[in-house]
Amino acid sequence: MSREQTLKPGSAIGIVGGGQLGRMLAMAAAQLGYRCHIYAPDDAPPAAEVAASFTRGRYDDEAALAEFGASVDVATYEFENIAAGPLTALADHVPLFPPRAALDIAQDRVTEKQFVAGLGGRTADFAAVDDLASLRDALDRIGAPAILKTRRLGYDGKGQVRIADADEAKAACDATRGAPSILERMVNFAAEFSILLCRSRTGETVQWDPPANVHEAGILRSSTVPAAGIVLEQAPGAAQIAARIAQELDYVGVLALEFFASEDGPVFNEMAPRVHNSGHWTIEGSLTSQFENHIRAICGLPLGSTRLTAGRVEMRNLIGDEVDAWEAILGDRASHLHLYGKREARPGRKMGHVTRLLNGPA
Ligand code: AMP
């Protein structure tokens with residue numbers, strides 16, 4: 001399949017990863033007449049319930065990923081932590097979007113910050129840390145308060161330790177178990193926001209309104225559009241950097257970038273080469289959701305409009321036992337409830353989300 005070629009409805013889309021992102025991608029794909037095949041290691045992943053087929057396999061099983069790749073017409077991923085070897089096994093058999101380069105960069109917090117800084121983005125002061133000695137050196141240079149994060153495999157605040165004072169270096173190093181890490185200066189931010197864009201195979205690019213995001217304990221709590229105040233002021237600068245990144249990577253699909261709005265302007269935090277939790281509001285809050293546009297992009301279709309459908313849109317995650325409020329949420333006519341079908345509501349686990357459309361049509 002050439003890059004410009006359109007994948008016809010009825011074709012098979014492979015999705016690596018079986019969580020809620022895969023579930024919502026599969027639902028958007030089904031609306032356009034595609035059949036999704038999910039690949040994930042779990043027994044009954046949320047995405048498999050709404051997809052045409054499911055292969056249970058480990059993310060490091062090269063033979064299984066190669067077979068999976070050969071069974072679909074295009075592949076994408078909703079899970080980022082696949083090693084280079086298995087990814088190659090997959091990409092050897094089928095076009096894979098977003099491109100490998102984006103995934104390679106986003107998998108490592110140091111590489112990611114260097115890449116974005118190289119394209120003119122501002123980042124927090126940072127240093128690579130390999131052991132206690134290099135952590136002490138980094139703290140000398142960067143100062144405290146700072147935050148130590150593992151370079152790889154961190155998500156939702158996992159693998160992160162805050163360091164209020166240089167005396168805490170040893171404890172922080174123990175907490176990350178000496179894994180290769182990054183030390184970042186704590187950014188004194190007024191707000192957090194993200195840039196969500198989608199780029200098609202022909203380079204057509206759309207962006208959604210940038211949501212203002214609130215995190216708690218490293219987990220996204222809520223996203224709201226349109227953003228106001230400092231986020232509104234700083235979003236255009238961040239959007240330019242995002243567009244540059246997409247161009248540089250010859251990107252295809254949805255790309256999400258998280259920023260801090262600070263006194264010094266927008267500070268890039270991290271990027272996700274996939275659909276993103278801060279874009280869940282787009283299902284009802286914009287004319288075309290991030291999930292639909294991602295499917296359109298990887299299938300070589302034109303992209304849909306990202307215009308808002310309401311004057312104000314608020315998305316709130318349902319974390320752990322907050323999901324028990326489902327009935328009360330349904331009683332509010334402004335609310336749209338999404339449950340991910342996860343059987344066990346563990347603390348910190350994203351069980352669903354609710355999007356409220358307010359203030360009439362946009
Ligand atoms: P991350 O996993 O990098 O997205 O971090 C999760 C959350 O922790 C962010 O959304 C921020 O709320 C906070 N955080 C991470 N890095 C920093 C930083 N360098 N300065 C201040 N807050 C941070």
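Order of appearance sets the numbers: ligands from 1, and atoms from 1 within every ligand.
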Between Met186, Arg162, Glu112, Gln160, flag the one that comes closest to atom 13 (C) of ligand 1 by a heavy atom. Arg162
For ligand 1, find out whether one of its N or O atoms is nearer than 3.5 Å to an N or O atom of Ala124. no
Side-chain polar contacts of residues 118-129 - donor-acceptor pairs under 3.5 angstrom, sequence neighbours left out - could you list them?
unit_1: Arg122; atom_1: NE; unit_2: Asp264; atom_2: O; d: 3.2
unit_1: Arg122; atom_1: NH2; unit_2: Asp264; atom_2: O; d: 3.3

Residues two or more places apart in sequence or in another chain: which of them pass side-chain hydrogen bond (donor to acceptor under 3.5 Å, both in side chains) with Arg307? none
I need the contact type for Asn269 against ligand 1. Using non-hydrogen atoms and a strict under-4.0 Å cut-off, is it side chain, backbone, both or neither? side chain
Under 4.0 Å from a heavy atom of Glu184: give me the atoms of ligand 1 that qualify, with their elements. 16 (N), 18 (C), 19 (N)
If two hydrophobic side chains count as joined below 4.5 Å and joins carry through other members, does Ile105 share a cluster with Val116? yes
Does any part of the side chain of Val254, heavy atoms only, come nearer than 4.5 Å to the side chain of Trp208, both counted from C-beta? yes
Just which atoms of ligand 1 are under 4.0 Å from any heavy atom in Glu192? 9 (C), 10 (O), 11 (C), 12 (O)
Atoms in ligand 1 flagged as close to His215, the criterion being non-hydrogen separation under 4.0 Å: 10 (O), 12 (O)
Contact partition for Ile147 relative to ligand 1, non-hydrogen atoms under 4.0 Å: side chain
Out of Lys149, Glu258, Arg221, who gets a non-hydrogen atom closest to atom 16 (N) of ligand 1? Lys149
Ring center gap for His280 and Phe291 short of 6.0 angstrom: yes
Please determine, by modelled atom types, if Arg109 and Ser181 share a side-chain donor-acceptor pair under 3.5 angstrom. no
